[in-house]
Amino acid sequence: MKKKTLVPLIVFLLGICLVSLVVYKTDTHEKEQSRTTAQLNATTYGERIKNEITNGIEITDVLKQLLISENGEINQFDTIAENIMSDSVESVQLAPAGIVTDIYPAEGNETGKIDLIHDKDRGGISIYARDHHTIVTQGPFV
């Protein structure tokens, strides 16, 4: 009689062990899949951000070359800015001596014509860019 009651108990315990192993393996696999997905997402978004920054720098370089070739003047700024704009750039601004004189697109950016050097939010980075002859990105400002 003891043998008959032991067999179901052993089968039950083995079943519990087997189910526990399957649950553990499934959980481990799902965690690994989540980690892999997160890593791929981070890589994808990182590349997208890098490309957008590079695109913005290329636009700035085009404007720089225009300024050099035209002795510091850009005629038809709106037309040129419209042609070089991309989805990753919200606006293009000219700021001789640190004062924004031209913005494309003008609509919605009317308040952007400011003195960057003396602005409380933008002054530090603008002075750094001027003093180190480097390109900086800033914003968004709310």
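If you read the sequence from its start, that first residue is 1, and numbering goes on from there.
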Engineer: Taking the side chain as C-beta and beyond, is there a heavy-atom pair between Ser91 and Gln93 under 4.5 Å?
Structural biologist: yes

Engineer: Quick one: do Val100 and Leu63 end up in the same hydrophobic cluster if we chain Ile, Leu, Val, Met, Phe, Trp and Tyr together by side-chain heavy atoms under 4.5 Å apart?
Structural biologist: no

Engineer: Looking at Tyr128, is its backbone amide N or carbonyl O close enough to the side chain of His132 to form a donor-acceptor pair, meaning the two atoms are under 3.5 Å apart?
Structural biologist: yes

Engineer: To the nearest 0.5 Å, what is the distance between OH on Tyr45 and CG on Leu40?
Structural biologist: 11.5 Å

Engineer: Could you report the tightest heavy-atom contact between Glu107 and Glu110, atom names first, then the distance?
Structural biologist: CA-OE2, 3.5 Å

Engineer: Got a sec, which residues hit side chain to side chain contact (heavy atoms under 4.5 Å, CB included) with Ile49, two or more places apart in sequence or on another chain?
Structural biologist: Ile53

Engineer: Roughly how far, to the nearest 0.5 Å, is OG1 of Thr36 from CG of Asn41?
Structural biologist: 11.0 Å

Engineer: Output all residues satisfying salt bridge (Lys or Arg N to Asp or Glu O under 4.0 Å) with Lys31, sequence neighbours left out; order by chain, then residue number.
Structural biologist: Asp27

Engineer: If I compare all heavy atoms of Ile103 with all of Asn109, which pair ends up nearest, and what's the gap?
Structural biologist: CD1-O, 3.4 Å

Engineer: Do the side chains of Met85 and Val92 get nearer than 4.5 Å, heavy atoms only?
Structural biologist: yes

Engineer: Give me the atom names and distance for the closest heavy-atom approach of Ile84 to Ile59.
Structural biologist: O-CD1, 3.0 Å

Engineer: Can you tell me how far apart CG (Asp115) and CZ (Arg122) are? Round to the nearest 0.5 Å.
Structural biologist: 11.5 Å

Engineer: Keeping the roles fixed (side chain from Asn55, backbone from Asn51), state whether a donor-acceptor pair exists under 3.5 Å.
Structural biologist: no

Engineer: Just how far is it from atom CD of Glu73 to atom CG of Asn75, taken to the nearest 0.5 Å?
Structural biologist: 7.0 Å

Engineer: Which heavy atom in Ser126 sits nearest to a heavy atom in Leu116, and how many Å separate them?
Structural biologist: OG-CB, 3.6 Å

Engineer: Just by modelled atom types, is the Arg130 backbone N or O under 3.5 Å from a matching donor or acceptor in the Thr134 side chain?
Structural biologist: no

Engineer: How close do Ala97 and Ile117 get, counting heavy atoms only, and between which atoms?
Structural biologist: O-CG1, 4.2 Å

Engineer: To the closest 0.5 Å, what do you measure between CG (Asp102) and CD1 (Ile80)?
Structural biologist: 10.5 Å

Engineer: Flag the pair Leu94 / Ile74 as yes when at least one side-chain heavy-atom distance between them is below 4.5 Å, and no otherwise.
Structural biologist: yes

Engineer: A side-chain contact here means heavy atoms from C-beta on lying under 4.5 Å apart; do Glu30 and Thr26 qualify?
Structural biologist: yes

Engineer: Using the test ring pair (Phe, Tyr, Trp, His ring centres under 6.0 Å), find all partners of His133 that sit at least two apart in sequence or belong to another chain.
Structural biologist: none

Engineer: Hey, what do you get for CD (Glu47) to OG1 (Thr54), rounding to the nearest 0.5 Å?
Structural biologist: 9.0 Å

Engineer: List the atom of Pro105, the atom of Glu90, and the distance in Å for their closest heavy-atom pair.
Structural biologist: CD-O, 3.6 Å

